[in-house]
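Presented below is the structure to which this report refers.
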2 protein chains.
Amino acid sequence: MDKKQKKPVTLADIAAIAAVTPMTVSRVINNSGYVHADTRARVLGVAREMNYRRNGLARGLKRQCTETVGLVIGDIANPFAAELSGGVREVLEERGYTVFICISEHTAKEDVQAFDSLADHRADGIIVATRASKSANERLAELIESGIPISLIGRDFRHPHADLVMADNLKGGYEATCHLIDNGHKRIGFIGVSLTDGVRLRRFQGYLEALKDNGLPVEDRLIVGGREVGEQMPGYSTEEMGYDGMMKLLELKSRPTAVFARNDFTAMGALNAIKRAGLRIPEDIALVGYDDIPLALHTSPTLTTVRQPTREQGRCAAEFLLRRIEGDHEQPRAEKTFDCELIVRESTLPGAEVVSGSNRKRKIKTA
Amino acid sequence: MDKKQKKPVTLADIAAIAAVTPMTVSRVINNSGYVHADTRARVLGVAREMNYRRNGLARGLKRQCTETVGLVIGDIANPFAAELSGGVREVLEERGYTVFICISEHTAKEDVQAFDSLADHRADGIIVATRASKSANERLAELIESGIPISLIGRDFRHPHADLVMADNLKGGYEATCHLIDNGHKRIGFIGVSLTDGVRLRRFQGYLEALKDNGLPVEDRLIVGGREVGEQMPGYSTEEMGYDGMMKLLELKSRPTAVFARNDFTAMGALNAIKRAGLRIPEDIALVGYDDIPLALHTSPTLTTVRQPTREQGRCAAEFLLRRIEGDHEQPRAEKTFDCELIVRESTLPGAEVVSGSNRKRKIKTA
DNA sequence: TCAGGATAGGTTAACGTTAACAGGCGAGGT
DNA sequence: ACCTCGCCTGTTAACGTTAACCTATCCTGA
């Protein structure tokens, strides 16, 4: 009687014991159709006793939907990913969907793998928040073509039948850089990208444009930390890139008076390199980060940074996806760009906003 | 002809066009059995042209396995979660399994939801790395009872048929505290737990034991940051707890000379509170964190902390799970405890290890 | 009295895939 | 000539669930 692998309980098993047909059990489990109260109670009792769990495979197969959505992110271990997935989950779980997360640490191969897994397992839709790449984009296009609802977050890829949500990082980078220029800086470094592969990083483009619009030259030596250091590295360790990059900038005979880091972790690394060199922030070197991670408020000095409404982007992408799942899968693209916000703190302006630990709004209110 | 939702291509569709039976197509797709080279090529051609994706639901239903494993974590946005999932994925993806991650932000309800989703979708096994709770443990027991392979990481729950992997955080906490005591500290604070609910946090127990073994009293006022502040908060924001907790300790008439924080984020918050108060680390207050996140190396001063082999725990849990999936689902429990390592840096010992950005080993070598 | 609706439950046939079995055909051995 | 074995393909019947349809009561109101 004791087989090695015990078989899961099925509707038929319950039906046999409760002396009804599987269909009736199904009706009880799903609370649909008419079932007599007595019958319902009896069936429910048996189901509970036998520890029944419905079979999502069979269910999905028959109903042609799984009530499941996939979220593809790189770089977990990053407040950004956490906020994003939080927003996505908020919206979807309220509507009865389960969110499964697939991680692709920023390689195109893993991206494609993640898409395929989700498509194969018939997720009702996919939200993609990884960086674009040629091969992954092609596969994405195939999936869209074959009718799977897809919603993109901050991904540089457009398709007539995939929704798109992003933050205006170009403007964010532009404003951060302008802020430094406004404070009198003329030699501003950038950490976290190389000139050649930086064309895709919008915040870097914003940096370049701000320099140009203000008649400042772009100096190659002031741009450090490109691919060789870690285009592929997990995000939470980009602070190493910031530390190393800053060290390089400090070794220049004429070093920059201000630095813009690609994200707050990178900025944090730079910050510590500056302090270790015995220099003051912002008097000797001003510093701007990007993302406004919680920690940015608790460094000393506190970090000037650019905040993007991450949670809202997640919510929005989820809402777009829902509309597509529950409506026409091939409806025209919805697109929304969120504005970023420059948060000025002590690392660029002595005596700027200093906020103690807990009086900081954490959740963006529901729309 | 253009329906609103296009139907996915099936084996039968391909079979019709390639003039074979679905079974033959199945053989081609799965590379199993005998198929003539010409037939294979023809079928493959049609499949590619029609953009076929196999239906994992039907496949799983028929084969009684999905080649899918669920990983339940709280607290994404934490290097710990990232390393853990990295280890898990390394092992499982190499063996052809897809890892789906479910997030449960440390509430029992979400835990149970995650378990249910994964069980319903017939994941072949589940790895659980969230904190234990009564209701979640009960559901877990039910799932184990019904034959789903389960592997636990750092979860205070034992079951004869579920594997268990953990780090010896009791010893870690003990050693961290002893390190402070060895350096002459007699009044040592703890941030991140309240006396009442702290009984489950092993590293806190280690702290208590170390005090006791060294004849030092436990002072309630030195233990701050319990449930009221944020037992439920996302981990990446526990630095707020550190900041607020430290502020509380600083307000005491006789403040501690050393502080042990429940994790590095908390320590980071504490560190900034101390600096903002104009005190020196470690001269005025020594500080120890826990987890050795990458950032711990780049604060000033660098942070003394306890490192647990996170990636290896993930790998180990995955290996245990595989053994269970591919063997007897009800084999006896495997259990492994990993040792932690105290990393002494400047925050407790002036002039201790200072390491520059990149010469630090990142990946633990494959066994 | 009887049409018509609400209630209760059974029957059938899929959803897409594949394990198991059943040929058929040709080559090689005896 | 016969048997065997390797190759190639087809047939059948599930896997567990549910949509769609059907039957049989019972009640209500005209």
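Every chain is numbered from 1, with letters handed out A, B, ... down the list of sequences. Note that the structure is a prediction, hence the values are computed from the model and not measured.
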Legend entry - Test salt bridge (charged side-chain N to carboxylate O under 4.0 Å, His left out) applied to B/Arg95 and B/Glu326, step by step: CA-CA 11 Å; B/Arg95 296 283 226 95; B/Glu326 291 172 3; 3.0 Å; yes
Round to a whole Å and report the spacing from [atom1] of [X] to [atom2] of [N].
X        : N      : atom1 : atom2 : value
B/Leu11  : C/dC15 : CG    : P     : 13 Å
B/Arg122 : D/dC15 : CZ    : P     : 14 Å
A/His121 : C/dT17 : NE2   : C1'   : 14 Å
A/Asn55  : C/dC15 : CG    : P     : 18 Å
A/Asp120 : C/dG16 : CG    : P     : 15 Å
B/Arg53  : C/dC15 : CZ    : P     : 21 Å
B/Ile14  : C/dT18 : CD1   : C1'   : 15 Å
A/Leu61  : C/dT18 : CG    : C1'   : 13 Å

Inset, instruction - Say whether A/Ser104 and A/Asp111, considering side chains only, have a donor N or O and an acceptor N or O under 3.5 Å apart. - result: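 Indeed, the side chains of A/Ser104 and A/Asp111 share at least one donor-acceptor pair under 3.5 Å.
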Nearest-neighbour nucleotide for the [X] side chain, [options] considered:
X       : options                : answer
A/Met23 : C/dG9, C/dT17, C/dT11  : C/dT11
B/Val35 : D/dG16, D/dT9, D/dA20  : D/dT9
A/His36 : D/dT9, C/dA8, C/dC15   : C/dA8
B/Lys62 : C/dC15, C/dA19, C/dG9  : C/dA19
B/Arg63 : C/dT11, C/dA19, C/dT17 : C/dA19
A/Arg59 : C/dA19, D/dT18, D/dG16 : D/dT18

Determine whether a donor-acceptor pair (N or O, by modelled atom type, separation under 3.5 Å) exists between the side chain of [X] and the backbone of [Y].
X        : Y       : value
B/Asp120 : A/Asn55 : no
A/Arg53  : A/Thr10 : no
B/Asp124 : B/Thr66 : yes

Legend entry - Short side-chain N/O contact to D/dG16 OP1/OP2 from B/Gln64, under 4.0 Å: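 For D/dG16, OP1/OP2 do have a side-chain N/O of B/Gln64 under 4.0 Å.
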Inset, instruction - Answer yes or no: does a side-chain N or O of A/Thr24 lie under 4.0 Å from OP1 or OP2 of C/dA8? - result: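 It does not, given that no N or O in the side chain of A/Thr24 lies less than 4.0 Å from OP1 or OP2 of C/dA8.
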Legend entry - Comparing A/Leu57 and B/Thr21 on DNA chain D - which has the more 5′ nearest nucleotide: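 Closest to the 5' end, via its nearest nucleotide, is B/Thr21.
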Legend entry - Closest-nucleotide 5' rank along DNA chain D - winner of A/Ala58 and B/Thr39: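 The residue mapped nearer the 5' terminus is B/Thr39.
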Legend entry - Close residues, residues 25-34 of chain A, relative to DNA chain C [heavy-atom separation under 4.0 Å]: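 Residues of residues 25-34 of chain A under 4.0 Å from DNA chain C: A/Arg27, A/Tyr34.
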Inset, instruction - State which residue, out of A/His159, A/Glu142, A/Arg155, fulfils the side chain to side chain donor-acceptor pair (under 3.5 Å) condition with A/Asn137. - result: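 Testing A/Asn137 for a side chain to side chain donor-acceptor pair (under 3.5 Å) against A/His159, A/Glu142, A/Arg155 leaves exactly one candidate, A/Arg155.
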Inset, instruction - Please list all pairs passing the ring-ring contact (aromatic ring centres under 6.0 Å, His included) test where one or both residues lie in residues 113-148 of chain A, with sequence neighbours left out. - result: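 Checked against ring-ring contact (aromatic ring centres under 6.0 Å, His included) - neighbours excluded - the pairs reaching residues 113-148 of chain A are A/His121-B/Phe100.
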Inset, instruction - For salt bridge (charged side-chain N to carboxylate O under 4.0 Å, His left out), just list the numbers for A/Arg158 and A/Glu335, CA-CA rounded to whole Å, side-chain angles, deciding distance to a tenth of an Å, and then say yes or no. - result: CA-CA 10 Å; A/Arg158 262 156 241 259; A/Glu335 188 172 324; 2.7 Å; yes
